[in-house]
Visitor: 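Please find one structure pasted underneath; my questions will follow.
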Amino acid sequence: MDFFEQQDLARRRTGRLVWYFALAVVGIVVAVYLVAWFALAMVGGYAQEPGAVNPYADSPWQPELFLMVALGTLGVILLSSLYKTVQLSAGGEAVALMMGGRLIDSMTSDLTERRLLNVVEEMALASGTPVPPVYVMDQEPSINAFAAGREPSDAVIGVSRGCLEYLDRDELQGVMAHEFSHILNGDMRLNLRLIGILHGILVLAIIGWFVLRSMPFSGRSRGGKNSGGAIAVILVVGVGLLVVGSIGLLFGKLIKSAVSRQREYLADASAVQFTRLPDGIAGALKKIGGRPETSKIESPHAEEISHMFFSSAFGSFGSQLFATHPPLADRIKRIDPSFQGEFPAGVKPVEVTAASLEAEKKAKPKPGRPFGAMLPHRAATPIDPTGVLGQVGMPGMDKILYAAMLLESMPQSLRDAAHEPYGARAVIYALLLDRDPAMRTRQLEALRPKTEELSYRETERLAPLMDQLSGPARLPLVETTFPALKKLSLEQYRRFRENVERVIRADDKVDLLEYTVHTMLLRNLDVHFGLAKPTAVRHQRLDELLPSLIRVLSTLAHGGQSDEAEVRFAFDKGMSQVERTGSVLGKADCSLARLDAALKTLAEASPTLKRQILGACAACVAADGKVTPRETELLHAVAANLGVPIPPIVTPAPAPAVPGVS
């Protein structure tokens, strides 16, 4: 299951969905026109004076009527769809709040919530995605979850209270891996589009319902001999709109269900490959079938986002005609072929205590010796460029273990600070401070008058701890700050953004770490706060991107090599991956400012082209068979600009074979 192929497939599905929507709208316009003509031609005559001529009775084709009906119908559908789309423009957060979700405080004392946050954090760092905020639906006792957003940078995870109380850690990890698959495979944007489209069609049925409800009042207000004809017209229009809207919604649901069911099978398989623990997700599905509440969601908005949930929002044993999920037993059998269709009886809550959480941590498999090589600041590790590409969107259990190890290697004070808004800002400021005392003093002097006193004091407190942090843990620490930073107000974020740039400029230089951190912040937070739009695809051919690619590969080659011959060799290795030739640029032409401009152009490439671009970059840094921390930062900067979630670059331990999974 190739990440880039799935991204491209999601784009094509979205394109087809737009065409389906256009065809549905055309059909609805024609149907509404026929309803209007019938009401005016066949029924409207009753409302006319004796001897009056009904112009609509002569011919079913009435151009003026058609134009009015078409414009009115299109206006209603498109404006309604646009309204719902704008309503959800805040991304996953809007969906979570619509479902009554409560944002889990990162400093929560609820141990079930703490366990969930730990699992989500490990999953995010392992897959190279920003750590998403997590919401809990406290009023939902069933077992269910969803991922929502336009892209990974604004994704959120939502879980039901039953999900927290009835799943053990492996089962919870399986459910979260399923949801991260939706994040990584580009399903979320398609899911939001479906909500907007179906809402536009639904409004017609709602209008028909209101027209019918107005009949008694219309009859009383008109009175007289023609009131019966007026009521007949209202009846035909109301019933017609209700029927047309309902039929349109019916076919819309069929499209939604067909798209969703296939994506659920894919997400299940991805979750197993991600965690290498088929019993985890299979166990969660079995517990759903073994509880009276199953996976049913009580919220009145459940229908709107039914295709986003881990399991059916209407329970597990309903009709499959409009089901957004495959039958529960079928999903389990694909993961566990030995399943006989019998669900466990009397599913009990899982007791979570401080001791059990500590026991889970100790019971986790420990990563092998190759992982330890990445912890020192100057260490290098072997790298396989094909492995880097193969693990994009599908990192595997070795990356989860490595992410857990990185988190454990961080001082607890840094981790705690990263989880609340004042501390998260201080973590970023402290990370950007120069090691040179004189330069650090200049940076702090530039920061102090522009930031809140609490954040400034936190920055001073955290700076010594940051100096002790291992190099490979720095960028993952940045990713853990995103949920807290998203709690800032727009004005607070603007000031924070300016302060970050002020700290970077204060030492009169921009180093690679500063550039990478700045890129990650802007890429993941500017869109969330409405300061930028998601990058659109504008390039389908590699040749028009070649100058930018040459600049990026030249920068990577100079960043990892010092000898001119080795620089050319690394550059040629990268170019060979895209079957193109070119001349490596001089080091003077490879500044971070020029790299940034080139990456902004490459970010507009299609997913298929991004695969080639990232493959060329990985081959370039792997030309000497190993990757240094500096090359790792460069590669992460490239991936952050491209919007590609790249897992930590480590030498993986061999993963155990999983029965029934290829």
Side-chain angles (χ1 to χ4, degrees), residues 4 128 374 378-392 471-472 474-475 509-520 523 539 542 545-605 609-650:
F4 302 95
M374 281 300 290
R378 293 184 173 83
T381 190
I383 179 176
D384 174 10
T386 59
V388 172
L389 280 182
Q391 292 181 337
V392 171
R474 293 185 171 220
L475 295 183
K509 61 182 175 64
V510 179
D511 63 26
L512 181 57
L513 177 64
E514 291 172 334
Y515 171 73
T516 305
V517 170
H518 188 246
T519 297
M520 291 170 65
R523 171 81 193 183
H539 301 286
L542 183 63
L545 297 172
L546 211 51
S548 296
L549 179 58
I550 287 174
R551 189 172 300 280
V552 171
L553 292 179
S554 297
T555 305
L556 289 171
H558 285 291
Q561 320 295 331
S562 55
D563 180 77
E564 285 300 318
E566 292 177 347
V567 169
R568 285 195 299 273
F569 178 74
F571 175 82
D572 290 340
K573 272 284 189 180
M575 292 297 289
S576 67
Q577 292 296 307
V578 294
E579 299 179 346
R580 300 292 193 279
T581 58
S583 299
V584 63
L585 301 177
K587 194 169 185 177
D589 292 322
C590 296
S591 66
L592 290 177
R594 291 178 176 177
L595 172 68
D596 187 60
L599 287 173
K600 281 181 169 58
T601 300
L602 295 180
E604 298 173 342
L609 289 183
K610 285 181 180 179
R611 188 187 202 287
Q612 297 180 56
I613 292 165
L614 191 61
C617 293
C620 182
V621 301
D624 57 359
K626 62 183 185 297
V627 60
T628 65
R630 176 176 172 78
E631 289 175 316
T632 299
E633 287 178 5
L634 269 170
L635 204 53
H636 275 279
V638 171
N641 275 284
L642 295 180
V644 175
I646 181 172
I649 299 175
V650 294

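Values below: every heavy atom of this structure, side chains too, minus hydrogens, waters and symmetry copies.
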Visitor: Return the set of residues passing side chain to side chain contact (heavy atoms under 4.5 Å, CB included) with A639 (not counting sequence neighbours), or none when no residue passes.
Guide: I646

Visitor: Using only atom types and a distance under 3.5 Å, with no angle test, would you say the side chain of K610 pairs donor to acceptor with the backbone of V644?
Guide: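 It does not hold such a pair.
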
Visitor: Atom CG of L556 and atom SG of C590: how far apart are they, to the nearest 0.5 Å?
Guide: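 It comes to 9.0 Å.
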
Visitor: Identify, with sequence neighbours excluded, every residue that meets salt bridge (charged side-chain N to carboxylate O under 4.0 Å, His left out) alongside D589.
Guide: R594

Visitor: Can you tell if the side chain of F569 reaches within under 4.5 Å of the side chain of D624, non-hydrogen atoms only?
Guide: no

Visitor: Test of understanding: with side-chain hydrogen bond (donor to acceptor under 3.5 Å, both in side chains), list the residues that count as partners of H539, not counting sequence neighbours.
Guide: E544, E604

Visitor: Listed by chain and number, what are the side chain to side chain contact (heavy atoms under 4.5 Å, CB included) partners of A598, not counting sequence neighbours?
Guide: S548, R551, V552

Visitor: Considering only residues two or more places apart or on different chains, which pairs with a residue in residues 614-623 satisfy side-chain hydrogen bond (donor to acceptor under 3.5 Å, both in side chains)?
Guide: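 Residue pairs passing side-chain hydrogen bond (donor to acceptor under 3.5 Å, both in side chains), neighbours aside: none found.
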
Visitor: Going by heavy atoms in the side chains, are L602 and N641 under 4.5 Å from each other?
Guide: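 Counting from C-beta outward, L602 and N641 never come under 4.5 Å.
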
Visitor: Name all residues meeting the side chain to side chain contact (heavy atoms under 4.5 Å, CB included) criterion together with A637; count only those two or more places apart in sequence or in a different chain, and write none if there are none.
Guide: Y515, T516

Visitor: First locate atom CG of L475, then atom NE2 of H636, and finally report the distance between them rounded to the nearest 0.5 Å.
Guide: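 One gets 6.0 Å once the value is rounded to the nearest 0.5 Å.
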
Visitor: List the residues meeting salt bridge (charged side-chain N to carboxylate O under 4.0 Å, His left out) with K587, not counting sequence neighbours, and say none if there are none.
Guide: none

Visitor: Would you mind listing every salt bridge (Lys or Arg N to Asp or Glu O under 4.0 Å) that reaches into residues 568-578, with sequence neighbours excluded?
Guide: none

Visitor: Tell me, please, which residues at least two apart from E566 pass salt bridge (charged side-chain N to carboxylate O under 4.0 Å, His left out).
Guide: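 E566: no salt bridge (charged side-chain N to carboxylate O under 4.0 Å, His left out) contacts found.
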
Visitor: Pair V584, E564 - check side-chain contact (heavy atoms from CB on, under 4.5 Å), show working.
Guide: CA-CA 10 Å; V584 63; E564 285 300 318; 5.8 Å; no

Visitor: Do you know which two heavy atoms are closest between G643 and R523, and how far apart they sit?
Guide: CA-NH2, 3.3 Å

Visitor: Check whether any side-chain heavy atom of L553 lies under 4.5 Å from a side-chain heavy atom of L585, and answer yes or no.
Guide: no

Visitor: When rounded to the nearest 0.5 angstrom, what distance separates CG in L546 from CZ in R580?
Guide: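 One gets 6.5 Å once the value is rounded to the nearest 0.5 Å.
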
Visitor: Nearest heavy-atom pair of H558 and G586: which atoms, and what distance?
Guide: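 The answer is NE2-C, 3.6 Å.
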
Visitor: List the residues meeting side chain to side chain contact (heavy atoms under 4.5 Å, CB included) with E514, not counting sequence neighbours, and say none if there are none.
Guide: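 Scan of E514 (side chain to side chain contact (heavy atoms under 4.5 Å, CB included), adjacent residues dropped) gives L432, Q443, I504, D507, V510, D511.
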
Visitor: Restricting to non-hydrogen atoms, name the atom on L609 and the atom on A605 that form the minimum distance, rounded to 0.1 Å.
Guide: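 Scanning both residues completely, I find the closest heavy atoms to be CB-CB, 3.8 Å.
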
Visitor: Hey, are the side chains of L634 and L595 touching, using non-hydrogen atoms and a 4.5 Å cut-off?
Guide: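 A side-chain contact exists here, since the closest heavy-atom pair is under 4.5 Å.
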
Visitor: Kindly give the heavy-atom pair with the smallest separation between F571 and G582, and that separation in Å.
Guide: CE2-O, 3.3 Å

Visitor: I need the C617 SG to E631 CD distance, nearest 0.5 Å.
Guide: 11.5 Å

Visitor: Which atoms form the tightest heavy-atom contact between A618 and L635, and what is the distance?
Guide: N-CD1, 4.2 Å

